[in-house]
Amino acid sequence: MRTPKERGNLGVVELISSDEQLATSNDLWGFQVTKFKKNIISGLAKVVNLPEENIERMLEIPTESNRGDFAFPCFQLSKIRHQPPSEIAMTIAKELGKIEGISSVENIGPYVNFRVDNTILTKEILSEIYQKKEKFGETDIGSNQTIVIDYSSPNIAKPFHVGHLRSTIIGNCLKNVYQALGYKVISINYLGDWGKQFGLLVLAFQKWGDKEKLKEDPLKYLYKLYVKVNQAAEEDPSLHSKARELFKRMENKDSEILEYWRKFRALSIKKYEEIYNRLGISFDVYSGESQYNEYMKKIIGEIKDKKLWQSSQGAKIIDLQEYNLNIALLKKEDGTTLYLTRDIAAADERYQKYHFHKMLYVVGTDQKLHFEQLFKILELLGRKWASHCIHVDFGRVQGMSTRKGKVIFLEDLLDEGQKRALEKMKTNLEKFSQLSNAKLTADICGLSAIIFADLSNKRIKNYEFDWNKILNFEGDTGLYLQNAHARIAGIMRKSGIELTDRIDYSLFKEKEAVSLIRWLTGYPEIVKLAGEKYEPSFLCTYLLELARYFHKAYHLMRVKGEVSTIARARMNLFWATKQVLGNGMKFLGMKLLERM
RNA sequence: AUCCUGGUAGCUCAAUUGGAUAGAGCAACAGCCUUCUAAGCUGUAGGUUGGGGGUUCGAGUCCCCCCCAGGAUGCCA
């Protein structure tokens, strides 16, 4: 018998299996390297007497590239054949004849290692990039199904600070990735524009409000009021009940209170749009909790009819303890609704509208229970698509507390990034003088550093906010990527070598070139993986390594001044590197620099 | 108290999801700018993967027990 805990986890298991479907549903992975893999698999099948699917699953990529491109481990065979794995590997390596496109087969210990022919591989990958350009890495595995992504979703009563950056850029990256995977993406900014906190704000504005200051900088001013009223409420708890009273009037459509609300909302959205614009982020839909007052009545009716909820201490609750999900509160004692109630309505309405294949909520991990409750309630309401809703959670930026007033505004971070980049740029006046728009370049540099600092760690990790860490320009940072990109642009401008695919693909002898070429082949797989796992950091790690391989090659393999056959071959490789680098950086949300 | 996440080099993080000798960056030290961007490159040094058991050919990764940190746990969102 399953314990409640396991039943609670069942939803997660289902989600993972649907991901695996996504992973294996494509036989045609539009990528040439699969061809080599297939040859190896069919070659092995003749020798080891295993079904091809099993062999495919067992085949790995060696940790160190000098061992080969594919490896077949013989541990499992050792059980069947009752022989040491290293002996089996040796026999297999001997029995395998010539495999098309594979230049060497050798056994190292318990593995049979395969190396793809350099020239053939180079030709395959470089011509594919040359043909596909910005479309390299795209696939149609999404077959135009709809994915709804709910991200950024700031709370209007609270400031847009550094903590909100995560949802915004993770969501934006996933949007780009899913579009590249052939999905139709609907991006929704679901504003926190309803709830008790507006009661608090109205209260504060009635007490201390100043219309002029509000117009000047609505976000910062509302924030100041919010902090002030929270501090006051600590000494005088009756303010909370007054705020609840005001919110109740809002839900009852009291026009006087709604007037305040409308003003706060409109001014805030205007300011948000400026910030999104600067980040280069846009949404298909601006929505908000306030939009669901009518639809919510329908859902509440259904919950009542299905007898899902019960009264408790004057409030309406759904007891989810048997699923290890505590108790979900849907209506307060005073009859007003909660975040969760509105989310149920919003989810249902979205499914009616979009019939999504998946819906992603990019929201902090501190709301994990909230989403588990939400998905469970949808399931209890008989919504089969509940298992297609996914909470893409992420760790907290520590050191930001709205109520205590200890926050860093995103805008200030962007400004500081720009300032520091500008200072750095001025240390090389020769380069600096060639920039047509230094301020814009500096802004892109700052933003690249910020995006990368945030996206490069795995989503789930918390991190402490640190100016110097986020705005560091050396080492593993967004600037390392921009630098590689701009350098290749420099080669293209200055070498005098034209870009062509009529090159001799056998000219890449250096080990730096071989590594770089092999790394390029992995890009489409990484895009897919980042999508499957909702993990932008995979893309970051890949791009960092790509830039590293380039930088190593760059110092050894010149283009300018070399004999033309070599120069043209190298130009093609570096251009391809720039293309792939740029494709990935755009997914992360970076604008590309040709000079810096 | 219960549940969820994390814990890897002095610091910040990787590790192709159970595979081969655990890798990068920062900080430190030693080198490289008359040649396409030095925001770069080359090298040195840095480890009992929090601790202890277990599962197996094989564990940083899976299971159990502790320790530490963060978060969540009905009238916020």
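Throughout, protein chains are lettered first and strands after them, A, B, ... in sequence-line order, and every chain is numbered starting at 1.
- As judged by a 4.0 angstrom heavy-atom cut-off over every strand, R548(A) is placed among residues touching the sugar-phosphate backbone only.
- Between K578(A) and E594(A) there is a salt bridge, since at least one side-chain N of the basic residue sits less than 4.0 Å from a carboxylate O of the acidic one.
- Among the protein residues, G109(A) comes within range of no part of the nucleic acid, since none of its heavy atoms lies under 4.0 Å from any strand.
- Test V202(A), L201(A), D193(A) against W261(A) for side-chain contact (heavy atoms from CB on, under 4.5 Å) and you get one pass: D193(A).
- Heavy atoms of L200(A) sit nowhere under 4.0 angstrom from any nucleic acid atom.
- The aromatic ring of Y480(A) does not stack onto the base of A39(B), failing the criterion of a centre distance under 5.5 Å from the six-membered base ring together with planes under 30° apart.
- Ranking G19(B), C41(B), U17(B) by closeness to the H551(A) side chain, first place goes to C41(B).
- The CG atom of N472(A) sits 14 Å away from the P atom of C13(B) (whole-angstrom rounding).
- Counting non-hydrogen atoms under 4.0 angstrom, E333(A) reaches a base of the nucleic acid.
- Put simply, F75(A) does not rest on the base of G58(B): the two rings are not both less than 5.5 Å apart at their centres and under 30° in tilt.
- Contact annotation for K332(A): base contact, defined as any heavy-atom pair under 4.0 Å involving a base atom.
- Within 6.0 Å of atom CD in E423(A), more than 12 heavy atoms from other residues, nucleotides or ligands are found, so the atom counts as buried in its surroundings.
- Residue K458(A) has its side chain nearest to A15(B) when only A77(B), A15(B), G40(B) are considered.
- Using the six-membered ring where Trp is involved, W519(A) and Y549(A) have ring planes that are tilted, between 30° and 60° apart.
- S312(A) comes within contact range of at least one nucleobase, with a heavy-atom separation under 4.0 Å.
- For the pair K461(A) and A14(B), the criterion of a side-chain N or O lying under 4.0 Å from OP1 or OP2 is met.
- Residue K196(A) places none of its side-chain N or O atoms closer than 4.0 Å to OP1 or OP2 of C75(B).
- Nearest to the side chain of K494(A), among U37(B), G19(B), A15(B), sits U37(B).
- Sorted by residue number, the members of residues 416-435 of chain A with any non-hydrogen atom under 4.0 Å from RNA chain B read K424(A), M425(A), K431(A).
- In this structure, L369(A) reaches the sugar-phosphate backbone alone: every heavy-atom distance under 4.0 Å involves primed, P, OP1 or OP2 atoms, never a base.
- Of the options F371(A), F394(A), Y534(A), Y190(A), a ring-ring contact (aromatic ring centres under 6.0 Å, His included) to Y361(A) is made by F371(A) and by none of the others.
- Distance from the side chain of I61(A) is smallest for U16(B) among the nucleotides C75(B), U16(B), G71(B).
- In this entry the distance linking CG of L246(A) with P of C76(B) reads 14 Å, nearest Å.
- Residue-level contact check: Q313(A) touches the bases, meaning some heavy atom is under 4.0 Å from a base atom.
- The nearest whole Å value for the distance from the OH atom in Y111(A) to the P atom in A20(B) is 6 Å.
- Between the side chains of E525(A) and Y542(A), no donor-acceptor pair of N or O atoms lies under 3.5 Å.
- Across all strands shown, N113(A) has heavy atoms under 4.0 Å from base atoms, whether or not it also approaches the sugar-phosphate.
- Counting only residues at least two apart or in different chains, salt bridge (charged side-chain N to carboxylate O under 4.0 Å, His left out) contacts with residues 326-345 of chain A comprise E289(A)-R342(A).
- Note on ring orientation: taking the six-membered ring where Trp is involved, the planes of F574(A) and F550(A) are perpendicular (angle over 60°, cut-offs 30° and 60°).
- Counting only heavy atoms from C-beta on, E474(A) has its side chain closest to A39(B) among A39(B), A20(B), C76(B).
- If you check every strand for non-hydrogen atoms under 4.0 Å, M557(A) touches a base.
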